[in-house]
Amino acid sequence: QVQLVESGGGSVQTGDSLRLACVASTHFFPDYNMAWFRQTPGKEREFVAAISWSGDGTSYTDSVQGRFTIFRNNARKTLYLQMNGLQPEDTATYYCAADMNWGRITANPEAWGQGTLVTVSS
């Protein structure tokens with residue numbers, strides 16, 4: 001099973017930007033659709049954004065549309081999430097996820113990373 005390692009989280013202020021990265025262990029990374037989810041204590045994990053294996057297709061939750069951009073570099077086996085205009089409500093642990101089935105990637109992906117914490121203060 002693919003292993004995923006996130007990085008790039010940190011503490012920032014309202015309006016700042018961060019770029020998260022997720023490195024995959026598998027040479028089959030180009031075959032995987034990829035996604036970012038986030039979770040805050042006491043709440044269920046929330047879908048943030050997804051990108052198809054080719055990079056041609058993307059999907060975003062409404063609250064981040066226009067502020068966040070998901071992209072990937074298949075040669076580097078790396079997924080990214082560029083987050084601009086961060087707000088306190090974006091504070092969460094962000095998880096990278098992978099699945100070869102696009103139908104599952106936004107709901108119940110098969111592989112998960114350990115998460116990276118993003119804290120946005122006002």
Side-chain angles (χ1 to χ4, degrees):
Q1 187 176 8
V2 59
Q3 292 185 329
L4 305 169
V5 179
E6 303 95 335
S7 63
S11 296
V12 297
Q13 296 187 328
T14 299
D16 286 351
S17 299
L18 275 178
R19 177 177 292 182
L20 305 183
C22 169
V23 179
S25 63
T26 178
H27 293 296
F28 295 104
F29 177 77
D31 295 331
Y32 280 92
N33 303 296
M34 301 295 296
W36 290 98
F37 287 72
R38 64 187 179 186
Q39 189 173 24
T40 56
K43 294 186 177 181
E44 292 193 358
R45 201 168 292 186
E46 172 192 26
F47 167 75
V48 175
I51 187 167
S52 64
W53 62 271
S54 66
D56 290 341
T58 58
S59 178
Y60 296 91
T61 192
D62 288 346
S63 62
V64 307
Q65 183 78 45
R67 298 189 299 123
F68 291 10
T69 302
I70 188 171
F71 60 103
R72 64 192 295 163
N73 185 321
N74 283 347
R76 295 186 174 183
K77 299 184 291 183
T78 303
L79 173 74
Y80 300 95
L81 185 69
Q82 178 66 41
M83 305 186 294
N84 298 330
L86 283 162
Q87 302 296 317
E89 53 266 34
D90 295 317
T91 295
T93 297
Y94 283 72
Y95 297 89
C96 171
D99 202 297
M100 288 190 179
N101 186 324
W102 180 255
R104 286 198 300 259
I105 194 63
T106 62
N108 189 29
E110 64 178 356
W112 295 89
Q114 294 301 306
T116 185
L117 179 62
V118 173
T119 303
V120 185
S121 58
S122 58

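Below, all heavy atoms of this structure are taken into account, side chains as well, without hydrogens, waters or symmetry copies.
Tracing side-chain contacts under 4.5 Å through hydrophobic residues (I, L, V, M, F, W, Y), one never reaches Val118 starting from Val23; they form parts of separate clusters. Hydrophobic clustering (side-chain heavy atoms under 4.5 Å, transitive across Ile, Leu, Val, Met, Phe, Trp, Tyr) groups Leu20 together with Val12. There is no path of hydrophobic side-chain contacts, each under 4.5 Å, that joins Val48 to Tyr95.
For the pair Ile70 and Ala35, the tightest heavy-atom approach, listed with the atom from each and the gap, is CD1-CA, 4.3 Å. Scanning all heavy atoms of the two residues, the minimum distance from Ala92 to Leu117 falls at O-CD1, 3.6 Å. Of all non-hydrogen atoms in Leu81 and Ala49, the two that sit nearest each other are CD1-CB, 4.4 Å. For Gly8 against Leu18, the heavy-atom pair with the smallest separation is O-CD2, 3.7 Å.
Listed by chain and number, the residues in a salt bridge (charged side-chain N to carboxylate O under 4.0 Å, His left out) with Arg67 are Asp90 (sequence neighbours excluded). Applying the salt bridge (charged side-chain N to carboxylate O under 4.0 Å, His left out) test to Glu46 and every residue at least two apart in sequence or in another chain returns Arg38. Remark: Ser11 engages Thr119 in a side chain to side chain contact (heavy atoms under 4.5 Å, CB included) (not counting sequence neighbours). With sequence neighbours excluded, the residues forming a side chain to side chain contact (heavy atoms under 4.5 Å, CB included) with Thr14 are Gln87, Pro88, Val120, Ser122, listed by chain and number. With sequence neighbours excluded, the residues forming a ring-ring contact (aromatic ring centres under 6.0 Å, His included) with Tyr80 are Phe71, listed by chain and number. The ring-ring contact (aromatic ring centres under 6.0 Å, His included) test applied to Phe28 returns no partner, not counting sequence neighbours. Taking Arg104 as the reference, Asp99 meet the salt bridge (charged side-chain N to carboxylate O under 4.0 Å, His left out) condition, with sequence neighbours excluded.
Side chain of Thr91 to backbone of Glu89: no donor-acceptor contact under 3.5 angstrom is found. Using a distance-only test at 3.5 Å, with no hydrogens or angles considered, no donor-acceptor pair links the side chain of Thr93 to the main chain of Thr40. Between the side chain of Glu6 and the main chain of Gly115, a donor-acceptor pair closer than 3.5 Å is present. When atom types are taken as modelled, the side chain of Asn73 and the backbone of Arg76 share a donor-acceptor pair closer than 3.5 angstrom.
Here salt bridge (charged side-chain N to carboxylate O under 4.0 Å, His left out) pairs that include residues 13-23, with residues two or more places apart or in two chains, number zero. Residue pairs meeting the salt bridge (charged side-chain N to carboxylate O under 4.0 Å, His left out) criterion with at least one member in residues 107-117: none, sequence neighbours excluded. Sorted by first and then second residue, the ring-ring contact (aromatic ring centres under 6.0 Å, His included) pairs with a member in residues 41-65 read Phe37-Phe47; sequence neighbours excluded. Sorted pairs that involve residues 21-36 and meet salt bridge (charged side-chain N to carboxylate O under 4.0 Å, His left out), not counting sequence neighbours, are lacking altogether.
Looking only at atom types and distance, the side chain of Asn84 has a donor-acceptor partner in the side chain of Ser17 under 3.5 Å away.
With rounding to the nearest 0.5 Å, the separation of CZ in Arg72 from CD1 in Ile51 is 6.0 Å. Note that CD of Gln39 is 12.0 Å distant from OH of Tyr94, once rounded to the nearest 0.5 Å. To the nearest 0.5 Å, the span separating CG on Leu79 from CG on Asn33 amounts to 11.0 Å. The distance from the OG atom of Ser121 to the CG atom of Leu86 is 10.5 Å, given to the nearest 0.5 Å. The CE atom of Met34 lies 9.5 Å from the CG atom of Asn74; values are rounded to the nearest 0.5 Å.
Within a 6.0 Å radius of CD in Glu44, other residues, nucleotides and ligands contribute 12 heavy atoms or fewer. Gln114 CD: 12 or fewer foreign heavy atoms inside a 6.0 Å radius.
Two residues are said to be in side-chain contact when any heavy atoms from C-beta on lie closer than 4.5 Å; Thr78 and Cys22 fail this criterion. For the pair Leu4/Phe29, no side-chain contact is recorded, criterion being any heavy-atom separation below 4.5 Å from C-beta on.
Ile105 belongs to a hydrophobic cluster with Trp102, counting contacts under 4.5 Å between side-chain heavy atoms of Ile, Leu, Val, Met, Phe, Trp and Tyr, direct or through other members.
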